[in-house]
Amino acid sequence: MAARNPEERIYRAVMRIPRGRVATYGQIARVAGMPRHHRQVGRALGRLIDDGLVPWHRVLGAGGTISTRSADGSVEQLQRKLLEREGVMFDARGRVALARFQWKRAAKGP
DNA sequence: CTAGTGACTGTTT
DNA sequence: AAAACAGCCACTA
């Protein structure tokens with residue numbers, strides 16, 4: 001059962017992120033089957049309306065950084081708050097410790 | 001049709 | 001460490 005369009009694949013991939021875990025744009029793109037389409041991930045999530053179905057707050061930039069999308073950074077704070085509520089910790093630099101919280105896809109042997 | 005832009009990433013200077 | 005370059009896709013003017 002393959003997704004029909006890229007957007008749906010992206011949403012699916014994001015929804016697969018377990019609670020208390022995070023993933024990067026590149027990782028989502030990879031999981032969605034588009035290893036070099038990380039930009040489309042961000043674009044798709046930007047179009048997405050937060051209806052509570054897609055945990056957009058679990059998607060971070062490379063290295064566990066939160067991407068800037070609002071001038072005052074209010075959305076960033078919300079995202080950080082949501083993540084902390086799930087038990088995700090940030091370091092002094094404002095980045096997530098990916099070594100601890102990055103979502104690791106279940107290794108499935110071929 | 002072309003050109004510009006964007007929740008990005010990885011490699012090279 | 002920071003900046004520049006290249007790569008990919010969708011939407012808008």
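Both backbone and side-chain heavy atoms feed into the values below; hydrogens, waters and symmetry mates do not. Nothing here was measured: the structure is a model prediction, and the numbers come from that model. In the text below, chain A, chain B and the rest are named by the order of the sequence lines, each starting its count at 1.
- Between the side chain of A:Tyr11 and the backbone N or O of A:Ala44, at least one donor-acceptor pair lies under 3.5 Å.
- Atoms CD (A:Glu7) and P (C:dC9) sit 14 Å apart, rounded to a whole Å.
- Side-chain contact between A:Ile17 and A:Ile28 is present, with at least one heavy-atom pair separated by less than 4.5 Å.
- Within 4.0 Å of A:Gly46, counting heavy atoms only, lies at least one base atom of the nucleic acid.
- Nucleotide C:dC8 holds its C1' atom 12 Å from the CD1 atom of A:Ile10, rounded to whole Å.
- Between the CZ atom of A:Arg80 and the C1' atom of B:dA7 there is a distance of 18 Å, given to the nearest Å.
- A straight line from CD1 of A:Ile17 to P of B:dA7 spans 19 Å, rounded to a whole angstrom.
- Within a 6.0 Å radius of CZ in A:Arg69, other residues, nucleotides and ligands contribute more than 12 heavy atoms.
- Listed nucleotides: B:dT9, C:dC8, C:dA10. Nearest to the side chain of A:Arg36: C:dC8.
- At whole-Å resolution of the value, CG in A:Leu78 and P in B:dA7 are 17 Å apart.
- Of the two residues near DNA chain B, A:Ala62 and A:Arg43, the one whose nearest nucleotide lies more 5' is A:Arg43.
- In this structure, A:Arg47 places its CZ atom 6 Å from P of C:dC11, rounding to the nearest Å.
- On the C1' atoms, B:dA7 is 22 Å away from C:dA13, given to the nearest whole Å.
- Residue A:Tyr25 contributes atom OH, which lies 18 Å from atom P of C:dA10 at whole-angstrom precision.
- A:His37 has no side-chain polar atom (N or O) that falls below the 4.0 Å cut-off from OP1 or OP2 of C:dC8.
- In the set B:dA7, C:dC8, B:dT9, the nucleotide with an atom closest to the side chain of A:Gln79 is B:dA7.
- In this structure, A:Arg21 does not pair ionically with A:Glu86, as no charged nitrogen and carboxylate oxygen lie closer than 4.0 Å.
- Atom-to-atom, CE of A:Met34 to C1' of B:dG10 comes out at 19 Å; the value is rounded to the nearest Å.
- Residues A:Glu84 and A:Arg80 are paired through a salt bridge, judged by an N-O separation under 4.0 Å between the basic side chain and the carboxylate.
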